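It should be emphasised that the depicted structure is a prediction, and the values quoted were computed from it without experimental measurement.
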Amino acid sequence: MNYAVSFVYQSDDFEISVGTNHVFEAKNRQEAMEKATTLQQLSDYFTPYYATAKEDIVFDVIENEYFDHVFIFEYEFYDETKGDYQSMTLDDGKVLYPVMNPACYVKLDRSTFLQRFKEHYRNKEVVTFGSISYGVEETSAKLR
């Protein structure tokens with residue numbers, strides 16, 4: 001099976017899932033995640049940010065041997081009106097609060113996401129995103 005590493009980036013309540021056209025083979029999802037641990041450095045070669053002048057999220061990409069295309073495949077917004085924050089009890093008895101509630105994540109289409117983002121960051125020329133996680137996605141794309 002073919003897989004690609006995916007990355008989640010966040011800015012306040014806005015999240016984007018980002019992929020590249022770097023594809024690798026693995027027998028299953030578990031093996032793919034093991035291989036992804038060595039490929040997570042792919043995110044060192046690109047930086048997503050919102051450019052007000054373009055009214056879009058763009059990428060600065062450093063030339064590399066792994067990929068030549070970066071894209072966003074999912075847009076999400078954390079809508080606090082959809083539920084309450086949760087708490088989590090750790091093994092040592094300590095309680096973490098607040099913890100994000102999965103029910104509050106709302107998938108948006110590109111246009112709606114960009115409109116909300118633009119309204120949220122009215123007075124910013126450039127807004128950067130921070131990387132918060134990586135994973136793998138099964139893909140029908142061919143190996144390069």
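- Shown here for Pro102 and Gln86, the closest heavy-atom pair between the two residues is CD-OE1, 3.8 Å.
- For Tyr49, the ring-ring contact (aromatic ring centres under 6.0 Å, His included) criterion is met by no residue, not counting sequence neighbours.
- At least one donor-acceptor pair under 3.5 Å links the side chain of Asn2 to the backbone N or O of Ala141.
- Heavy atoms from other residues, nucleotides or ligands lying under 6.0 Å from CG of Asp91 number 12 at most.
- Linking ILVMFWY side-chain heavy atoms closer than 4.5 Å, directly or via other members, places Phe67 and Ile62 in a single hydrophobic cluster.
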Q: Test Phe71 against His69 for ring-ring contact (aromatic ring centres under 6.0 Å, His included), laying out the working first.
A: CA-CA 7 Å; Phe71 55 91; His69 182 64; 5.5 Å; yes

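- Closest approach of Ala32 and Val136 over heavy atoms only: O-CG1, 3.6 Å.
- Checked by atom type, the side-chain pair Asn21/Asp68 shows a donor-acceptor distance below 3.5 Å.
- Tracing side-chain contacts under 4.5 Å through hydrophobic residues (I, L, V, M, F, W, Y), one reaches Ile57 starting from Val127; they form part of the same cluster.
- By the rule that hydrophobic residues join a cluster once side-chain heavy atoms approach within less than 4.5 Å of another member, Tyr134 and Tyr105 end up as members of separate clusters.
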Q: Could you walk me through whether Phe24 and Val5 pass side chain to side chain contact (heavy atoms under 4.5 Å, CB included), step by step?
A: CA-CA 9 Å; Phe24 62 94; Val5 181; 3.8 Å; yes

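- Between Lys107 and Tyr75 there is no side-chain heavy-atom pair separated by less than 4.5 Å.
- Counting heavy-atom neighbours within 6.0 Å of Glu119 CD, excluding the residue itself, gives a total above 12.
- One hydrophobic cluster holds both Val70 and Leu39 under the rule that ILVMFWY side chains link at heavy-atom gaps under 4.5 Å.
- Every residue was checked against the ring-ring contact (aromatic ring centres under 6.0 Å, His included) condition with Tyr3, not counting sequence neighbours, and none meets it.
- Contact check for Asp13 versus Glu80: side-chain heavy atoms found under the 4.5 Å cut-off.
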**Q.** salt bridge (Lys or Arg N to Asp or Glu O under 4.0 Å) evaluation trace for Asp56 with Lys118
**A.** CA-CA 9 Å; Asp56 204 356; Lys118 181 178 160 182; over 6 Å; no

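- A distance of 11.0 Å separates OG1 in Thr139 from CE in Met1, rounded to the nearest 0.5 Å.
- You'll find the side chain of Leu108 reaches within 4.5 Å of the side chain of Arg116, heavy atoms only.
- With hydrogens and angles ignored, the 3.5 Å screen pairs a side-chain donor or acceptor of Asn101 with a backbone N or O of Asp84.
- For the 3.5 Å distance criterion, the side chains of Asp12 and Tyr78 fail to qualify, holding no donor opposite an acceptor.
- Between the side chains of Tyr121 and Ser11, at least one donor N or O lies within less than 3.5 Å of an accepting N or O.
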Q. After noting the C-alpha distance and the side-chain angles of Tyr9 and Ile72, does the key distance pass the side chain to side chain contact (heavy atoms under 4.5 Å, CB included) rule?
A. CA-CA 10 Å; Tyr9 284 81; Ile72 299 170; over 6 Å; no

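- The NZ atom of Lys94 sits 15.0 Å away from atom CE of Met88, with the distance rounded to the nearest 0.5 Å.
- Phe7 places none of its side-chain heavy atoms less than 4.5 Å from the side chain of Pro48.
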Q) When you look at Phe129 and Val18, which way does the side chain to side chain contact (heavy atoms under 4.5 Å, CB included) test go after all the steps? A) CA-CA 11 Å; Phe129 288 84; Val18 177; over 6 Å; no

Q | Criterion side chain to side chain contact (heavy atoms under 4.5 Å, CB included) on Val23 and Lys142, from CA distance to verdict | A | CA-CA 7 Å; Val23 177; Lys142 304 291 182 216; over 6 Å; no

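- Remark: Arg29 does not engage Glu138 in a salt bridge, criterion side-chain N to carboxylate O under 4.0 Å.
- With values rounded to the nearest 0.5 angstrom, Cys104 atom SG is found 11.5 Å from Glu76 atom CD.
- Taking CD of Gln10 as the reference point, atom OG1 of Thr128 lies at 11.5 Å (rounded to 0.5 Å).
- There is no side-chain donor-acceptor pair under 3.5 Å between Asp109 and Ser111.
- In this structure, Glu74 CD and Arg110 CZ are separated by 15.5 Å, a value rounded to the nearest 0.5 Å.
- Linking ILVMFWY residues whenever their side-chain heavy atoms come closer than 4.5 Å, directly or via other members, places Tyr45 and Phe59 in the same cluster.
- Judged by distance alone, with hydrogens and angles left aside, the side-chain atoms of Thr52 form a donor-acceptor pair with the main-chain N or O of Lys124 at under 3.5 Å.
- Partners of Phe14 according to the ring-ring contact (aromatic ring centres under 6.0 Å, His included) rule, which considers only residues two or more places apart in sequence or in another chain, are Phe77, Phe113, Phe117, His120.
- Distance OH/Tyr50 to CD1/Ile16: 12.5 Å, rounded to 0.5 Å.
- With hydrogens and angles disregarded, a donor-acceptor distance shorter than 3.5 Å links the side chain of Lys35 to the backbone of Glu25.
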